[in-house]
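First the structure, in the form of structure tokens, and then the observations on it.
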2 protein chains.
Amino acid sequence: MSGDQAQKVAALERALRDKGVRITRQRAALLSVLAAAGDHPDATELHRRAREIDASVSLSTVYRTLSLLEGQSVVQRHAFEGAPSRFETADAAHHDHIIDLETGDVIEFYSERIERLQAEIAAEHGYELVHHRMELYCRKAGPRAGKRGRRRRSEGDFEG
Amino acid sequence: MSGDQAQKVAALERALRDKGVRITRQRAALLSVLAAAGDHPDATELHRRAREIDASVSLSTVYRTLSLLEGQSVVQRHAFEGAPSRFETADAAHHDHIIDLETGDVIEFYSERIERLQAEIAAEHGYELVHHRMELYCRKAGPRAGKRGRRRRSEGDFEG
DNA sequence: GTGTGTGCAAATACTTTGCACTACA
DNA sequence: TGTAGTGCAAAGTATTTGCACACAC
């Protein structure tokens, strides 16, 4: 684990403790797995990784801890189509996801324009947007489309 | 059932038969339930309604038929957050959904601008958009926000 | 008639929960 | 040391499937 990750875990633990959450061996293991994860693992995968740190961690505890951390806004749960929920730490800025239908890879992106439009649309219907979900299920484009060189990065957008 | 619905069911049955799909009592029952549904019922609710027409319809058959109809693009499945999948006939134009977090009500909307942006974003990342999912989880706005009188209906957008 | 569709019950996949024991604060 | 957390096994929820019988074409 890099120093960065160790720091991230320490900060998370401190914040949780301040909120009265006990840091057990199992929770510490899961927190460091989550901090180290650059991807979007599901509960089973997180369990597998946590076991490498502490073999005693059970799958129930993984689920219980994930729910707890979700409630504390430490992790975010994503229920993509026809697959178990996948998790990521909630420290990054809000973003949406592109799911590669062939590989299952998840690419993060953010579009200021889409965020704005969504809020507008909700308001137009007399609603206040609490949260949203936007997933683009895609397949790698052919040679013509989406040439990297032609790409114009729009202000307010980024690639995750 | 209105004449419109009867016609809709007849057209669906014809189209399915032409594709070699047998129209059984159970499938006919489900088709008429689907044609009559103005909402987004889940499998259990569709089962309940289908039983009113033909008491012999089993839940397995409802699931099997829904999968079949989904494959034939006759119905669309929507897996909203933390709830069983909900279904609607696929005859209407493509649209996205606002989900009222308090009542579970589903409001349909369509935004040409969002559709365009999604395709653009996928292309920018070297992907071809196969399909997407966009759901706005909302709560009724307070008296200030979203005044109906102030609403500007943007070209290309409609309310379902 | 014949092959597809059906009901039923059991299986599946993911997730939650009851209970007795453990360990953090 | 007391209460919140844990592992385990069992239950729960949504959905799918194997099998013998039924029925649409």
Side-chain angles (χ1 to χ4, degrees), chain A residues 9-10 12-33 40-48 50-51 53-72 74-87 104, chain B residues 9-10 12-33 40-48 50-51 53-72 74-87 104:
Chain A
V9 173
L12 282 174
E13 291 190 2
R14 211 175 314 119
L16 286 166
R17 249 188 268 264
D18 287 351
K19 292 196 236 179
V21 173
R22 285 193 188 177
I23 303 303
T24 61
R25 269 185 302 120
Q26 294 88 337
R27 288 179 182 175
L30 192 55
L31 283 172
S32 75
V33 165
H40 297 69
D42 63 18
T44 309
E45 174 61 18
L46 288 168
H47 181 217
R48 205 189 55 66
R51 270 173 176 289
I53 299 176
D54 178 342
S56 84
V57 181
S58 77
L59 184 56
S60 319
T61 292
V62 170
Y63 275 112
R64 274 192 280 235
T65 304
L66 286 171
S67 296
L68 172 80
L69 296 179
E70 190 187 12
Q72 301 288 344
V74 170
V75 305
Q76 268 212 267
R77 176 192 307 256
H78 301 292
F80 299 136
E81 281 187 354
S85 292
R86 298 168 70 165
F87 300 84
Chain B
V9 173
L12 282 174
E13 292 190 2
R14 212 176 312 120
L16 286 167
R17 248 187 272 262
D18 287 351
K19 292 196 236 180
V21 174
R22 286 192 188 176
I23 303 303
T24 61
R25 270 184 302 116
Q26 294 89 338
R27 289 179 181 174
L30 192 54
L31 283 172
S32 74
V33 165
H40 298 70
D42 61 21
T44 310
E45 174 62 16
L46 288 168
H47 181 218
R48 205 188 55 68
R51 270 173 177 290
I53 298 175
D54 179 341
S56 84
V57 182
S58 77
L59 184 56
S60 318
T61 293
V62 170
Y63 275 112
R64 274 191 278 235
T65 304
L66 286 171
S67 295
L68 172 79
L69 296 179
E70 191 187 11
Q72 300 289 345
V74 170
V75 304
Q76 267 213 268
R77 177 193 306 258
H78 301 293
F80 300 136
E81 281 187 352
S85 292
R86 298 168 71 165
F87 300 83

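Within every chain, numbering begins at 1; the chains are lettered A, B, ... in the order of the sequence lines, protein sequences first and strands thereafter. Atom set for the values below is all heavy atoms of this structure, side chains included, hydrogens, waters and symmetry mates excluded. Keep in mind the model is a prediction, meaning the values are calculated, not measured.
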Next on the checklist: For a quick test of reading the model, state the closest non-hydrogen atom pair linking A/Val57 to A/Ala29 and the distance between them.
Outcome noted: CG2-CB, 4.4 Å

Next on the checklist: Using the side-chain heavy atoms of B/Arg22, tell me which of these nucleotides is nearest: C/dT15, D/dG2, D/dC23.
Outcome noted: D/dC23

Checklist entry - Are side-chain heavy atoms of A/Leu30 and A/Thr61 found at a separation under 4.5 Å? => result no

Item to check | Salt-bridge contact B/Asp42-B/Arg86 (side-chain N to carboxylate O under 4.0 Å) | outcome: no

Distances under 3.5 Å only, N/O to N/O: pair up the protein atoms with those of nucleotides 8-12 of chain C.
{"residue": "C/dA9", "atom": "N6", "partner": "B/Ser60", "partner atom": "OG", "Å": "3.3"}

Checklist entry - What's the CD-P distance between B/Glu13 and D/dA24, to the nearest Å? => result 12 Å

Checklist entry - Taking side chain as C-beta onward, heavy atoms only, is A/Leu68 less than 4.5 Å from A/Arg27? => result yes

Item to check | Separation of D/dC23 P from B/Arg25 CZ (nearest whole Å) | outcome: 6 Å

Next on the checklist: Is the phosphate of D/dG5 approached by A/Arg27 (side-chain N or O, under 4.0 Å from OP1 or OP2)?
Outcome noted: yes

Checklist outcome for this item: From the candidates D/dC25, D/dT15, D/dT6, the one with an atom nearest any side-chain atom of B/Pro84 is D/dT15

Checklist entry - Is there a side-chain contact between A/Leu31 and A/Leu69, using heavy atoms and a 4.5 Å cut-off? => result yes

Checklist entry - Does the side chain of B/Tyr63 get closer than 4.0 angstrom to OP1 or OP2 of D/dT15 through an N or O atom? => result yes

Checklist entry - Counting just side-chain N and O atoms, does B/Ser85 come under 4.0 Å of either OP1 or OP2 of D/dT15? => result yes

Next on the checklist: Output the rounded distance in Å from CZ (A/Arg86) to P (C/dT15).
Outcome noted: 12 Å

Checklist entry - B/Asp54 CG to C/dG7 C1': how many Å, rounded? => result 12 Å

Next on the checklist: What is the separation between atom NE2 on B/His47 and atom C1' on D/dA14, rounded to the nearest whole Å?
Outcome noted: 14 Å

Next on the checklist: Just the rounded figure in Å: distance from C1' of D/dA4 to CG of A/Leu16.
Outcome noted: 15 Å

Checklist entry - With a 4.5 Å heavy-atom cut-off, do B/Pro84 and B/Thr44 have their side chains touching? => result no

Checklist entry - Roughly, in whole Å, what's the span from CG in A/Leu59 to C1' in C/dT15? => result 8 Å

Checklist entry - Which angle, rounded to 10°, do you find between the first-five-pair axis and the last-five-pair axis of the helix from C/dG1-D/dC25 to C/dA25-D/dT1? => result 30°

Next on the checklist: Can you tell me if A/Thr61 touches the phosphate of D/dG5, counting only side-chain N or O atoms and a distance under 4.0 Å to OP1 or OP2?
Outcome noted: no

Checklist entry - Less than 4.5 Å apart, any side-chain heavy atom of A/Thr65 and any of A/Gln26? => result no

Next on the checklist: Quick one, A/Ser85 and A/His78 - any side-chain contact, counting heavy atoms below 4.5 Å?
Outcome noted: no

Next on the checklist: Regarding B/Arg77, tell me which of base, sugar-phosphate or nothing describes its non-hydrogen contacts under 4.0 Å with the strands shown.
Outcome noted: nothing

Checklist entry - Which is true for A/Thr44 with a 4.0 Å heavy-atom rule: it touches a base, it touches only sugar-phosphate, or it touches nothing? => result nothing

Checklist entry - Whole Å only: how far is the CG atom of A/Leu66 from the C1' atom of C/dC14? => result 13 Å

Checklist outcome for this item: Out of C/dT6, D/dA4, C/dT4, minimum distance to the side chain of B/Gln26 belongs to C/dT6

Checklist outcome for this item: With sequence neighbours left out, the residues meeting side chain to side chain donor-acceptor pair (under 3.5 Å) with B/Arg77 are B/Glu70

Checklist entry - Which nucleotide in the list D/dG7, C/dA25, C/dC24 gets nearest to the side chain of A/Arg17? => result C/dA25

Checklist entry - With no hydrogens and no angle check, is any side-chain donor or acceptor of B/His47 less than 3.5 Å from a backbone partner on B/Val62? => result no

